[in-house]
Amino acid sequence: MSQTRHIKVLIIGSGPAGYTAGVYAARAMLNPVLVQGIEPGGQLTTTTEVENWPGDTEVQGPDLMVRMEAHAKAMGCEIVGDIITSLDLSKRPFVAKGDSGNTYITEAVILATGARAKWLGLPSEEKFKGFGVSACATCDGFFYRGQEIVVIGGGNTAVEEALFLTNFASKVTLVHRRDELRAEKILIDRLMKNPKIEPLWDHELVEVTGTDTPLGVEGIKVKHVKTGAITEIPAKGVFVAIGHAPANELVKDVLELHNGGYVTVKPGTSETSVPGVFAAGDLTDHKYRQAVTSAGMGCMAALDAERFLAEHPATVEAEAEASAPAAE
Ligand code: FAD
Ligand code: NAP
């Protein structure tokens, strides 16, 4: 049965930003409700070792996110397995509708919907998605034991994916459109020292080639960006790692955006262009896009929401306990 909830703070997203906001909002006695979305735990659930989360020399991404969820829950944040499909920010209280059929009427919103993998947009990429073309090495690398693989991209994700894929592949070709990587020095160093990885500079993917029955990848065609020369590379797997785009679908027509879709916040705060709506993490950040910066912004969003609610009393009475939903 669908429910209508009346709450003080709705947190949308369960990455480092969302869970940290959950910890702080719960400790501020705001009875927050956090909706996890389609990817509980967010982007870090798609990686293996995380080596730059302070306090852990090395931690597995999925483990870290399980711990963050448990932390938020232990502080009193209610975690809900739902996806927000629409969000009305035209007046307070704000109204969010979930895929579950539930409605969340809320006095403040913390947006922490993060980012999603970008694709090149080639018809052949689309054709072989899930049949040899992937954007997640940790999810799909295992299928390519002893095979040749290509990775497209030149950032931290591409380098990490290439390194990770050497656990399975006989050879990994890293195809980058320039002759310089934008990854961290330590990762570049590991990449260059790995005998299974061959970088291919100044090349762009133009086509993924393969068979129709069964549907499967056999290779790629790449173009030299300066000469236009086409080269074919045999490969059973193609991992596209060309960055991420902010998940702004719920708010892109309502909130101010910058740099191609990131939600704008007032400098030094998490305040968006609509009072009572706060944003944190990769959704707002085209520059740093790290777990620790996202977590920091989640903290700021909860503190900003607490202050906002103290200065702007509730327009409807919130549930006394977030765990006591009102049935419709
Ligand atoms: P995300 O982690 O992107 O989470 C977004 C959340 O929003 C998800 O839970 C999703 O389900 C939810 N959501 C989206 N839409 C909706 C909706 N409509 N309704 C409800 N929920 C919704 N950073 C590091 O610091 N160190 C690393 O080693 C590192 N490794 C990485 C490896 C990979 C492969 C990738 C892709 C990223 C890596 N990053 C790393 C970057 C880091 O993962 C991100 O900066 C961080 O996860 C961003 O956190 P976030 O909370 O903003 O959003
Ligand atoms: P990114 O830093 O934006 O890098 C994207 C890469 O893909 C760039 O090299 C870019 O080329 C290339 N690219 C983009 N569009 C392309 C296209 N159409 N065709 C061919 N190549 C294209 O993205 P990311 O590597 O996913 O990283 C995202 C964020 O997460 C970053 O802030 C990163 O630091 C963070 N992250 C951190 C870690 C870590 O700390 N260990 C790990 C993973 C990710 P150009 O270089 O030419 O622009």
Side-chain angles (χ1 to χ4, degrees), residues 10-21 34-54 58-61 64-65 68-69 80-87 96-99 104 110-122 125 135-139 151-161 163-164 174-184 186-187 202-206 222 225 239-251 279-298 301:
L10 177 68
I11 301 168
I12 308 177
S14 57
Y19 283 144
T20 307
L34 182 153
V35 176
Q36 287 181 305
I38 203 163
E39 190 176 52
Q43 293 172 62
L44 282 187
T45 60
T46 68
T47 191
T48 50
E49 291 90 10
V50 174
E51 295 179 349
N52 49 18
W53 178 255
E58 186 184 305
V59 56
Q60 296 291 309
L64 178 61
M65 297 319 299
M68 282 196 206
E69 177 181 352
V80 178
D82 199 356
I83 300 167
I84 299 300
T85 50
S86 73
L87 183 60
K97 291 200 189 295
D99 190 46
Y104 307 85
I110 295 177
L111 299 163
T113 49
R116 294 197 196 108
K118 274 191 206 163
W119 296 94
L120 290 161
L122 300 169
E125 172 192 60
C136 178
T138 46
C139 318
V151 175
I152 314 294
N156 274 330
T157 302
V159 173
E160 282 194 341
E161 302 235 316
L163 287 165
F164 176 73
L174 181 80
V175 179
H176 184 33
R177 63 182 177 183
R178 295 187 294 129
D179 61 359
E180 192 186 357
L181 298 166
R182 62 166 73 238
E184 281 174 35
I186 188 169
L187 292 175
D202 295 322
H203 278 80
E204 277 177 355
L205 177 66
V206 287
V222 289
V225 293
F239 288 83
V240 179
I242 59 164
H244 286 74
N248 64 12
E249 295 80 2
L250 292 171
V251 295
D282 280 14
L283 176 66
T284 74
D285 176 17
H286 71 286
K287 192 171 176 194
Y288 301 105
R289 293 173 297 178
Q290 300 294 301
V292 68
T293 47
S294 298
M297 288 186 249

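Values below: all heavy atoms of this structure, side chains included; hydrogens, waters and symmetry mates excluded. One-based numbering, in listed order, for ligands and for the atoms of each.
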A.B. asks: Nearest 0.5 Å, what's the CG-CD distance between L120 and E125?
C.D. replies: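 One finds 4.5 Å between CG of L120 and CD of E125.
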A.B. asks: I need the nearest protein heavy-atom contact for atom 44 (C) of ligand 1: residue, atom name and distance, please.
C.D. replies: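 Going by distance alone, atom 44 (C) of ligand 1 is nearest to D282 OD2, 3.4 Å.
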A.B. asks: Considering the heavy atoms of Y288, write down every atom of ligand 2 situated less than 4.0 Å from one of them.
C.D. replies: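 Near Y288, meaning under 4.0 Å from one of its heavy atoms, ligand 2 has 32 (O).
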A.B. asks: Considering only heavy atoms of Q290, which atoms of ligand 1 have at least one such atom less than 4.0 Å away?
C.D. replies: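 Matching atoms, with element in brackets: 23 (N), 24 (C), 25 (O), 45 (O).
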A.B. asks: Which of these, R177, K287, E184, has its nearest heavy atom closest to atom 20 (C) of ligand 2?
C.D. replies: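 Among R177, K287, E184, the closest heavy atom to atom 20 (C) of ligand 2 comes from R177.
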A.B. asks: Taking non-hydrogen atoms only, is E160 closer than 4.0 angstrom to ligand 1 via side chain, backbone, both or neither?
C.D. replies: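 The answer is the side chain of E160.
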A.B. asks: Of the side chain and backbone of I84, name the one, both, or neither that has a heavy atom under 4.0 Å from an atom of ligand 1.
C.D. replies: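 Contact part for I84 vs ligand 1: both backbone and side chain.
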A.B. asks: Which ligand 2 atoms does L120 reach within 4.0 Å, using its non-hydrogen atoms?
C.D. replies: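 The atoms of ligand 2 under 4.0 Å from a heavy atom of L120 are 17 (C), 18 (N), 19 (N).
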A.B. asks: Using non-hydrogen atoms of the residue, decide whether H244 is closer than 4.0 angstrom to ligand 1.
C.D. replies: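 The answer is yes: ligand 1 sits under 4.0 Å from a heavy atom of H244.
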A.B. asks: Testing L10, T284, L87, I84 one by one against L111 for a side-chain contact (heavy atoms from CB on, under 4.5 Å), which residue passes?
C.D. replies: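 With L111 as partner, side-chain contact (heavy atoms from CB on, under 4.5 Å) holds for just one option, L87.
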A.B. asks: In ligand 2, which numbered atoms sit nearer than 4.0 Å to a non-hydrogen atom of G154?
C.D. replies: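 With G154 as reference, the close atoms of ligand 2 come out as 6 (C), 7 (O), 8 (C), 9 (O).
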A.B. asks: Applying a 4.0 Å heavy-atom criterion (strictly less than), which segment of A115 is in contact with ligand 1: side chain, backbone, both, or neither?
C.D. replies: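 It is the backbone that touches ligand 1; the side chain stays farther off.
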A.B. asks: Which ligand 2 atoms are under 4.0 Å away from a heavy-atom of H244?
C.D. replies: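 Going through ligand 2 atom by atom, the ones under 4.0 Å from H244 are 26 (O).
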A.B. asks: Check ligand 1 against G13 and write out every atom of the ligand that is under 4.0 Å from a heavy-atom position of the residue.
C.D. replies: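 Near G13, the atoms of ligand 1 are 6 (C), 7 (O), 12 (C), 21 (N).
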A.B. asks: Starting from atom 53 (O) of ligand 1, find the nearest protein heavy-atom neighbour and note its residue, name and distance.
C.D. replies: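 Of every protein heavy atom, G114 CA, 3.3 Å lies nearest to atom 53 (O) of ligand 1.
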A.B. asks: Kindly compute the distance separating OG (S14) from CE (M65), expressed to the nearest 0.5 Å.
C.D. replies: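 If I round to the nearest 0.5 Å, the distance is 7.0 Å.
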A.B. asks: Could you find the nearest protein heavy atom to atom 16 (C) of ligand 1 and give me its residue, atom name and distance?
C.D. replies: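 Going atom by atom, the protein heavy atom closest to atom 16 (C) of ligand 1 ends up being T113 CG2, 3.6 Å.
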A.B. asks: Of all the heavy atoms in A247, does at least one lie under 4.0 Å from an atom in ligand 1?
C.D. replies: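 In this structure, A247 fails to qualify as a contact of ligand 1 - no heavy atom is under 4.0 Å.
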A.B. asks: Which atoms of ligand 2 have any heavy atom of Q290 under 4.0 Å away?
C.D. replies: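 Taking each heavy atom of Q290 in turn, ligand 2 has 32 (O), 33 (C), 34 (O), 35 (C), 36 (N), 37 (C), 40 (O) under 4.0 Å.
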A.B. asks: Can you figure out which of R289, E160, E180, R182 has its heavy atom closest to atom 41 (N) of ligand 2?
C.D. replies: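 Nearest option to atom 41 (N) of ligand 2, by heavy atoms: E160.
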A.B. asks: Is it the side chain (CB and beyond), the backbone, both or neither of N52 that lies under 4.0 Å from ligand 2, heavy atoms counted?
C.D. replies: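 The side chain, only.
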A.B. asks: When you measure from atom 37 (C) of ligand 1 to every protein heavy atom, which one gives the shortest distance, and what is it?
C.D. replies: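 Of every protein heavy atom, Q43 OE1, 3.6 Å lies nearest to atom 37 (C) of ligand 1.
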A.B. asks: Closer than 4.0 Å to some heavy atom of A17 - which atoms of ligand 1 meet that?
C.D. replies: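 Counting atoms of ligand 1 from 1, those under 4.0 Å from A17 are 51 (O), 52 (O).
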A.B. asks: Check this for me - ligand 2, G153, N or O atoms closer than 3.5 angstrom, yes or no?
C.D. replies: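 The answer is no, given that G153 and ligand 2 share no N or O pair closer than 3.5 Å.
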A.B. asks: Could you tell me if Y104 and D82 have a donor-acceptor pair between their side chains, going purely by distance under 3.5 Å?
C.D. replies: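 Yes, because at least one side-chain N or O of D82 sits under 3.5 Å from a partner of the opposite role on Y104.
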A.B. asks: Can you tell which part of L250 has a heavy atom less than 4.0 Å from ligand 1: side chain, backbone, both or neither?
C.D. replies: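 The part of L250 near ligand 1 is the side chain, not the backbone.
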A.B. asks: With atom 15 (N) of ligand 1 as the reference point, say which of E161, R116, E58, E39 has the nearest heavy atom.
C.D. replies: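 Of the listed residues, R116 has the closest heavy atom.
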A.B. asks: Can an N or O of G281 be found at a distance shorter than 3.5 Å from an N or O of ligand 1?
C.D. replies: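 So ligand 1 has no N or O lying under 3.5 Å from an N or O of G281.
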A.B. asks: Quick one: pull up CD in Q36 and CD in E69 and give me the separation to the nearest 0.5 Å.
C.D. replies: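 Rounded to the nearest 0.5 Å, the CD-CD separation comes out at 5.0 Å.
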A.B. asks: Distance under 4.0 Å to a non-hydrogen atom of A112: what atoms of ligand 1 satisfy this?
C.D. replies: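 Listed by number with element: 5 (C), 6 (C), 7 (O).
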